[in-house]
Each structure stands twice: as C-alpha cells, then as structure tokens.
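To start, the structure itself, in structure tokens.
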Amino acid sequence: MFNQEIINKFKSIKTPFYYYDIAVLQKTLKVVKEESSKYNFIVHYALKANANNELLNIIKSFNIGADCVSGNEVKKGVECEFTPEHIVFAGVGKNDDEINYALDQTIFCFNCESLQEIEVINELAKAKSKVASIALRINPNVNANTHKYITTGLEENKFGINLWELETVVKKIQTLNNIKLIGLHFHIGSQITDLSSFKSLCLKVNEIQSWFVSHKITIENINVGGGLGVDYHHPDENQITDFAAYFKLFNDFLELRPNQKVHFELGRAIIAQCGTLISKVLYIKNGVNTNFAILDAGMTELMRPALYQAYHKIENISASNNKQPTTNNLKYDVVGPICESSDCFGKAVSLPETQRGDLIAIRTAGAYGEVMSSAYNLRDRVKAIYSNQI
Ligand code: LLP
C-alpha cells in the first residue's frame, strides 16, 4: 500500500504517528452511501471508533449521522456540525450532565438501556419542559461469534433491556409524559465477520416487533447498531468491507412495517482500513527462542493487541534496505517500550531481516487506535498525519 514516495515522506516525520489515507476513507464512504441508499437505510458513524476532527469532517460531508456514547462525543458531533437531528446517544451509564447537554441540543434519540435511565431522562426533560425521543436498547440475546470482550448482545452482558423486562418497561413508559418512544435499538457486538449473526439478529428483531404490534405500539425506527467487521489479515486485498452484502441482508431479512426507517451505527467498517500506525525500530534484541524488534510505539498508541489479543498486520516498510519479503525472513516478537509484558503487537512475526531505524507499519489501526491511546508511562501523545496534507 505504501509507495516509495510516501515512505520517503515518512522518513522525515517524527515517529510514532498515525497515518490516515484520506482517499481510502473517501472510497469507503462512497460505497457505504451507495449501498445503504439502495434501501433508504440511514447510517450513523460511531464516533467511539475514531473521533479525530479531520476525519469527522470528511465523514459528515457524506451526509452520515453520528452515534455517540458520551456527552463529550455528543459535543464533538455538534462541534463538527453533524446536525442534531442526526445524532443518537447510547451508553449504559449516561450521567445527568450528559443527558442535560443532549436535551439542550435536541438530538434525534437517546438509546436507553434501563428503566431507571428512562425515568431519569423523563425527569430531566420535564425540568426543561421538553419531550425527549427515546429508543429502547433491547438485549436480543443473539451471539455475535466474536471476541468475548466485544460481544454485547447476550443476556450475560451489561447492555440493553432484557426481553423479560419489556412488559414492565413499556407499561412504565406509557405513564411518562416527557419521553416519546420512537424506536428500538440493538447492537450485538463488534468485528463481526460472519454475516449469519446479523441474520439471527434480523429474525430476533422481527419476533420483537411482533410483540410490539400485538401490544398496539407503533415503532417508527429500527436501529440495528454496528459491528460489521474488517479484514485485518488482508488490508490491501480487502480494503473495503462487503457493504453490499451487509445492507442487502438486512433488506432481505428485516420485516419492516409501513414507513419504518432502518438505522445503522457503523464504526470500524468505515474507519479501520484508512489508518496505519507508523513506528520505528529502536532496538533488535536476541531472546532465548526469538528475536525482539523493539518499537518506539507501544500499547499506548494501539492497545488492541494487548487488550484483545487482536491481530494487526505488521510490515517492515523501510525501502532503503530494499527489504522485500523473502524466504529468508526471520521471526520477531514485535514489542513496544511500555513496562508491561502484554505490550506486544505480534509474536513470531515473519519479517525481512530488520534493524534499528527501520520503519514498521501496523495496519488497520484507524478504528479503536487513536481514541484508545493513553499517556501510560507518561508517554507523549502522538500526532496524526493525513495523506492529503503531506
Ligand atoms: N453501536 C454501539 C451501541 C456500540 O457499542 C458500538 C461499539 C458500535 C455501534 C460501533 O461498533 P463497530 O461498528 O465499530 O463494530 N474497542 C473494541 C471495539 C469496541 C466496540 C464497542 N462498541 C475493539 O478495538 O475491537
């Protein structure tokens, strides 16, 4: 993916840094728009995946809404001029300040996760003489077949209102004057590559919809969340996720009522492949059974491998030494400088012989990279570099 010209530019930039390929982001957004528009589906971008202003401005320009999970994300959405009517606010623990801020902005919808939260939103809305639009986030108890830390739609997870609570919640809502039920919300997990999990979700949504119909409750909006995965192993060959198949599946399997709108909250599938963490090799050290390539980037810049044992493709892109992959590749544990054994980007990674000063690209770092970075070990925060600005 990186041509010599870009690599030469990288050489003069202080490492580590996040590199964002704007053309890749734009191409991805174009496909998202084309494929979702076929069915009049409404797409919100999940800011939690990457809330970098430059990128948000591009995403917004494709007329995509914002999915936020904190008051500050709502604020960021508003600041980046996502229209409030296209902002949804989810999260299992919204505090009063966050709710008040979102009420003042008159956002499209609060995705509510418990009865107590609904009561609090009603009280706070009443104090402002407002009516808050809400969706019930229902825990559908559908397995997403993904890493357990990023599974959210099972009964054992903290998210959403469980099916057996629905009756009580709906009865209560009917007594509250400052909220209006406008939708149902679901999200079963993240990095889902097996589309059949989404089919199971559709079938569950249909069942739940029937329950609402039998209770004579009209639901205008169905929000099926995000979760569509990307190919971490083949970032160049599979740069853009198969959005066509994804949206088609929802069109094929969701049974919609007249005038019902379908919403999506995609994060990773939009932003992951345009980002790369570029780092430099500080030292090579021979271990007992392995070599260590010690980088100047660590879990502080990309914590997914340490936190979820996530795979990211690692490439030595230093062309000065003409390092093309060969059969003479060596194995390296590619690690960071942080004082934690989990600070490891990959074990036994096959790389051409690598030396101090080589540039290393850690791919597919656009989602849940920069946003999850930390200053642990008092590390400096690192810069973002954009392909259209160098
Ligand atoms: N909607 C809700 C309610 C969510 O909880 C999430 C992600 C999304 C949408 C966006 O999901 P996406 O399309 O990006 O899969 N840090 C983890 C991922 C955590 C996902 C949290 N929720 C990782 O690095 O894999």
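In listed order, ligands and their atoms are each counted from 1. Index from 1, following the sequence.
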Check: Nearest heavy atom to atom 16 (N) of ligand 1: which of Y45, F264, Y308 does it belong to?
Finding: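 Minimum heavy-atom distance to atom 16 (N) of ligand 1 goes to Y308.
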Item checked: From the candidates H44, E265, Q191, the one that places a heavy atom nearest atom 9 (C) of ligand 1 -> E265
Report the part of [X] in contact with ligand 1, treating N, CA, C, O as backbone and CB onward as side chain, heavy atoms under 4.0 Å; options are side chain, backbone, both, neither.
| X | value |
| --- | --- |
| D67 | side chain |
| R304 | side chain |
| R268 | both |

Notebook entry, point to check: So, D67 and K48, do they make that salt bridge, N to O below 4.0 Å?
Noted result: yes
Note to self: One thing to verify: whether D358 and K280 come together as a salt bridge, which I'm taking to mean a side-chain N less than 4.0 angstrom from a carboxylate O.
What the structure shows: no
Check each atom of ligand 1 against the heavy atoms of [X] and keep those under 4.0 Å away; list them by number with element.
| X | result |
| --- | --- |
| A46 | 10 (C) |
| R137 | 3 (C) |
| G226 | 9 (C), 13 (O) |
| L266 | 13 (O) |
| M372 | 16 (N) |

Margin query: Is there a polar contact between ligand 1 and G227, counting only N or O atoms under 3.5 Å apart?
Written below: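 Yes - when backbone and side-chain N and O of G227 are compared with those of ligand 1, one distance drops under 3.5 Å.
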Check: For ligand 1, is there an N or O atom under 3.5 Å from any N or O atom of G267?
Finding: yes
[X]-[Y] aromatic ring centre distance below 6.0 Å:
| X | Y | result |
| --- | --- | --- |
| Y332 | F292 | no |
| H263 | F108 | yes |
| F253 | F198 | no |
| F41 | F264 | yes |

Next item on the list: Over 60° means perpendicular and under 30° means parallel, so classify the ring planes of Y246 and F250, tilted if in between.
Entry: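 Perpendicular: the ring planes of F250 and Y246 meet at over 60°.
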Item checked: Option among L228, V31, D231 that satisfies the side chain to side chain contact (heavy atoms under 4.5 Å, CB included) test with T241 ->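 The side chain to side chain contact (heavy atoms under 4.5 Å, CB included) with T241 is passed solely by L228 among L228, V31, D231.
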